[in-house]
Novice: 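Below: one structure in structure tokens.
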Amino acid sequence: MSYNNIETALIHGGISIDERTGAVNIPIYQTSTFKQDGLGKMRGYEYSRTGNPTREALEALIAELEGGQAGFAFASGLAAETAVLSLLNTGDRVLISSNVYGGTFRLLSKVFDHFDINYTISDTEDPAAFEKDITPDVKAVLIESPANPLMTITDIRAISEIAHKHGLLVIVDNTFMTPYLQRPLELGADIVLHSATKYLGGHSDVVAGLAVVKTPELAEKLAFIQNSTGGVLPPFDSFLLIRGIKTLGVRLDRHVANAEAAAKYLTEHSAVKSVHYPGLPTDKGYEVNKRQAKNGGVMISFELKDNYDINTFFENLELITLAESLGGVESLVCHPSSMTHASIPEEIRKKVGITDGLIRLSIGIENIDDILNDLDQAIAKSEVK
Ligand SMILES: *Cc1c(COP(=O)(O)O)cnc(C)c1O
């Protein structure tokens, strides 16, 4: 098929037509096993943990969108991370960006530590500081850019160059940007991870994870781990993700336009103490983000001034829903220190700047005036007089 643009690849990429029937949507191959025509005579599939046509279409699609060698679909973002981190060996250490998703931190600090696979929090915003953290046991770096929830930006190209000089594997969690806004493999990363639960699915109706690798060697290793550990994405959920990805471009265009307007609104509001959004020219990550991503993405975090009560703010929001997660068509709000990042110990949260007053917004695709009106009335009601 001939096309040069990601908007088209979102719809026609990977395996987009069912070869046998011509169906323009890949059917949900809801089967656990496949008939063999004789001993050792398979028709390309043998058992759905190992391979399933619906999942395979999704895996081919995400590999194409990220520009990688192969894609892998898992039952959640954390299952994808678990599989990727299983590439490490006992005694290895991974450097992680200083504000990563709370579940990533918990996976490393409470599960992989049992196997003596260790982590160090590193300031990947500062390439020189990052290089100083590379000890002989460090074998990988796991970056989020923008990192959650302070939207800090890491120069993926600069970190990849330093990391590769020291033989490290570069892993980028691209959940917040998606390949529509940022393609880490082109910037030097070796592996891209996604919580596809978020923008790729886009409708808050499926939990899924994806990984894409750059080389055939990594593809072979991760295929082995995926089949051996078994956290695969079911056929129906694979179908939902393919369906979600088709509209990623139009959804994100609207999401980003709304987010830019909301960030501007918050910046100009007299009740607001700070705004974190890499699409604002005043943001400290703006220049680096502009070099490596299409725009500042959708996620915003902010703090209200001390004479505003955040409990009252959350309770008075009517349209914007207080909930974990992000990336759906509806606007969501969360309180990182007690919700998404509660699994990070308080002293570490304080150190990296995740204050108890921090509010995280996932701006949806509703009419922007309705979103801003809701913020406006909730902020007004939360003022302590
Ligand atoms: C949600 C999220 C994850 C975890 O993904 P699940 O699908 O919830 O397992 C990982 N990284 C980031 C950045 C996330 O937002």
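In listed order, ligands and their atoms are each counted from 1. Just so you know, residue 1 is the first one in the sequence shown, and it goes up from there. All figures in this text were calculated on a predicted structure; none of them were measured in a lab.
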Novice: Do D374 and Q377 have side-chain N/O donor and acceptor atoms under 3.5 Å apart?
Specialist: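 Indeed, the side chains of D374 and Q377 share at least one donor-acceptor pair under 3.5 Å.
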Novice: For H194, state whether at least one heavy atom is located under 4.0 Å from any atom of ligand 1.
Specialist: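 H194: no contact with ligand 1 (<4.0 Å).
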Novice: Salt bridge check: are E346 and K350 linked by an N-O gap of less than 4.0 Å?
Specialist: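 Answer for the salt bridge query: yes.
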Novice: Within 45 degrees of the axis of the six-membered ring of Y180 and under 6.0 Å from its centre: does K294 put its NZ or CZ there?
Specialist: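 Because its charged atom sits under 6.0 Å from the ring centre and within 45° of the axis, K294 does stack over Y180.
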Novice: Is there at least one pair of N or O atoms, one from S195 and one from ligand 1, spaced under 3.5 Å apart?
Specialist: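 Yes, S195 has an N/O under 3.5 Å of an N/O on ligand 1.
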Novice: Which residue and atom name correspond to the protein heavy atom nearest atom 15 (O) of ligand 1, and how close is it?
Specialist: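 Going by distance alone, atom 15 (O) of ligand 1 is nearest to K198 NZ, 2.7 Å.
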Novice: Specify the protein heavy atom at minimum distance from atom 4 (C) of ligand 1: its residue, its atom name, and the distance to 0.1 Å.
Specialist: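 Of every protein heavy atom, Y101 CE2, 3.4 Å lies nearest to atom 4 (C) of ligand 1.
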Novice: Output yes when the distance from some N or O of ligand 1 to some N or O of E144 is under 3.5 Å, and no in every other case.
Specialist: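 No: no nitrogen or oxygen of E144 is under 3.5 Å from one in ligand 1.
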Novice: Indicate yes or no: does an N/O atom of L326 lie under 3.5 Å from an N/O atom of ligand 1?
Specialist: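 No; every N/O pair is 3.5 Å or more apart.
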Novice: Starting from atom 6 (P) of ligand 1, which protein heavy atom do you reach first, and at what distance in Å?
Specialist: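 The closest heavy atom on the protein side is G77 N, 3.3 Å.
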Novice: With heavy-atom distances below 4.0 Å as the criterion, list the atoms of ligand 1 near D173.
Specialist: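 So the atoms of ligand 1 that pass are 10 (C), 11 (N), 12 (C), 13 (C).
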Novice: Do H269 and F302 have their ring centres less than 6.0 Å from each other?
Specialist: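 No: the rings miss the under 6.0 Å criterion.
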Novice: Quick one: look at A208 and ligand 1, take heavy-atom pairs under 4.0 Å, and tell me if it's side chain, backbone, both or neither.
Specialist: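 Answer for A208: backbone.
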Novice: Any chance the rings of F112 and Y119 have centres within less than 6.0 Å?
Specialist: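 No.
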Novice: To the nearest 0.5 Å, tell me how far K35 NZ sits from K41 NZ.
Specialist: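 Taking NZ in K35 and NZ in K41, the distance rounds to 10.0 Å.
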Novice: Hey, which atoms in ligand 1 end up nearer than 4.0 Å to a heavy atom of T197?
Specialist: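 So the answer, numbered in order with elements, is 7 (O).
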Novice: Establish, from distance only, whether the side-chain atoms of D123 and S98 form a donor-acceptor pair under 3.5 Å.
Specialist: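 No.
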Novice: For ligand 1, is there an N or O atom under 3.5 Å from any N or O atom of L78?
Specialist: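 By distance alone, the answer is yes.
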Novice: Report yes or no: do Y265 and L317 belong to one cluster of Ile/Leu/Val/Met/Phe/Trp/Tyr joined by side chain heavy-atom distances under 4.5 Å?
Specialist: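 Cluster IDs for Y265 and L317 match.
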Novice: Closer than 4.0 Å to some heavy atom of E81 - which atoms of ligand 1 meet that?
Specialist: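 Close to E81: 10 (C).
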